[in-house]
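In what follows, a single structure is set out as structure tokens and then discussed.
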Amino acid sequence: MRYSVFSLLRNALSGHRHWPPAWREPNPKPDYDVVIVGGGGHGLSTAYYLAREHDIRNVAVLEKSWLGSGNIGRNTTIIRSNYLLPGNNPFYEFSLKLWEGLEQDFNFNAMVSQRGIVNLFHSDAQRDAAARRGNAMRLHGVDAELLDRDGVRRILPFLDFHNGRFPIMGGLLQRRGGTVRHDAVAWGYARGADSRGVDIIQNCEVTGIRIEDGRAVGVETTKGYIGCRKLALAAAGNSTDLTNMAGLKLPIESHVLQAFVTEGLKPYLDMVVTFGMGHFYMSQSDKGGLVFGGDIDGYNSYARRGNMPTVEHVIEGGVALIPGLSRIRVLRSWGGIMDMSMDGSPIIDATPVDGLYLNCGWCYGGFKATPASGWCFAHLIATGQTHKLAAAYRLDRFRRGATIDERGAGAQPNLH
Amino acid sequence: MLIDCPYCGERLSEEFTILGDATKQRPAGSAASDMDAWYDYVFLRDNPKGRHREYWQHTGGCRAWLVVDRDTLTHQVYGVTAARDLGA
């Protein structure tokens, strides 16, 4: 059923008691053309674009818990395409363009809000870096504006402009950046994929990968064996767990990243703002809570909860930027497990095992990439060819020395 | 998370700085034929879900390098040894 103002009116008249479920809850079939492991944003968008763009509909998405229980529902909902490097920028810009048409495309209200994102700078060197990034973006056809101090003050008057240690000298503004209701992204893609015949199988954990003659032929799961012609992994922080089952080591460590939300406030912050002198980013949700986050805790973790020193560090950064935050109470904090790659950039590629495809290494930039990641991964699975926008995201780039070092910090697993 | 430094006693984890996986062995040679070993050393990780041996330095204390045996699922610390005692 298509959602529209008419379906809304019709269901309102019957007291909203007759809305059909947004997706089925099928039992797994014995085999599929494609099995996707991971019912998060990337897995679901991959299934959606496989069905819609490539007409491959005999597909299952296996999710070990409930749909969208992982990082798709744990992030700080920011979308943007303010990347510097040629391997990254066109990919993320394509993703932003998909976000712009996404709700009409999958007929679901994901509350895509292009409220703008501003990355502040606090020194001459940071201004140079911001100008360089902005110029690189504009050369790629992406919008970017360099704001001076007064320009920032006009849009965000409540920042600490008197901070002697970290003076706000300006910011790089991308007006097309913004936020999206992250759960609705999972639901929208799930509904879109399901309506095209994809089986979404929840509470189905993969416990083994069956390989015959160097080819992935199926997975052992908590709901029994499921065969497949192609196996696609999109399991974020649990990626190495899965590739270990196939005897494959990855340039990835799993780390915990925390996020926070405050009590609800009246409209206060109408865009996304990031602090340049600490790692802190914040927006205000439509419910009124301030949603914010900072650095990963920094040690290997699968715990989905972090420790207090990082909580303190993040909030110190926030209060240094917005002194008014000190009076606001934090309502909740939570953690998600990030697949931190060794150069801070993702991997969308085939593997040395035939029929086994890999989508991981998103560090904590995966949410904004959800549409393009699914698009390029579906292209790879369907055609066997790397999509040109993901040409830099090859698994062998580490061995070749072709790492994509967006941050310029070298090979280590705690990059963003 | 508390880390029991063999020199300073039990301290809060924020006194320490993590380097990472302590099981990686630096390759001895640097010839072209050693590149696979270097690739493995620099980039590849076991990334276990469970016990993990990792280097931490007590940067806010005695500055000793330590090998911490810690659970990545629960954050429980099983044991701490001075790296020099392991010849690591």
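Computed from a prediction, not measured in an experiment: that's the story for all the values here. The sequence lines fix the lettering, A, B, ..., with proteins before strands; numbering per chain opens at 1.
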Exercise for review: Any chance you could lay out the side chain to side chain contact (heavy atoms under 4.5 Å, CB included) test for A:Met308 and B:Leu12, step after step, and finish with the verdict?
Suggested key: CA-CA 10 Å; A:Met308 289 307 285; B:Leu12 297 170; over 6 Å; no

Counting only heavy atoms from other residues, nucleotides and ligands, does the tally under 6.0 Å from [atom1] of [X] exceed 12?
X       : atom1 : value
B:Gln25 : CD    : no
B:Trp38 : CH2   : yes
B:Arg26 : CZ    : no
B:Arg53 : CZ    : no

Check your understanding: Which residues pass the side chain to side chain contact (heavy atoms under 4.5 Å, CB included) test with B:Asp40, sequence neighbours left out?
Key ->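 Testing B:Asp40 for side chain to side chain contact (heavy atoms under 4.5 Å, CB included), a comparison that skips the adjacent residues, returns A:Lys249, B:Lys24, B:Leu44.
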
Check your understanding: So, for B:His52 and A:Tyr299, is the gap between ring centers shorter than 6.0 Å?
Key ->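 No, they do not, as the ring centres are separated by 6.0 Å or more.
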
**Study point:** Which atoms of B:Thr17 approach chain A - backbone, side chain, both or neither, heavy atom under 4.5 Å
**Key:**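 Neither part.
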
Review point. A:Asn300 versus chain B, heavy atoms under 4.5 Å apart: side chain, backbone, both or neither?
Key: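 The answer is both parts of A:Asn300.
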
Point to revise | Contacting region of A:Arg304 [heavy-atom separation from chain B under 4.5 Å] | key: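 For A:Arg304, no heavy atom lies under 4.5 Å from chain B.
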
In Å, rounded to the nearest 0.5 Å, how long is the span from [atom1] of [X] to [atom2] of [Y]?
X        : Y        : atom1 : atom2 : answer
A:Asn307 : B:Met1   : CG    : CE    : 5.5 Å
B:Glu14  : A:Glu312 : CD    : CD    : 7.0 Å
B:Lys49  : A:Ile337 : NZ    : CD1   : 9.0 Å
B:Asn47  : A:His255 : CG    : NE2   : 7.5 Å
A:Ile252 : B:Asp46  : CD1   : CG    : 13.5 Å

Review point. Passes side chain to side chain donor-acceptor pair (under 3.5 Å), A:Asp396 versus B:Tyr39? Steps please.
Key: CA-CA 10 Å; A:Asp396 68 352; B:Tyr39 167 63; over 6 Å; no

Check your understanding: So, B:Arg45 side chain and A:Met342 main chain: donor-acceptor pair closer than 3.5 Å or not?
Key ->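 Pair absent, no side-chain N/O of B:Arg45 close to backbone of A:Met342.
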
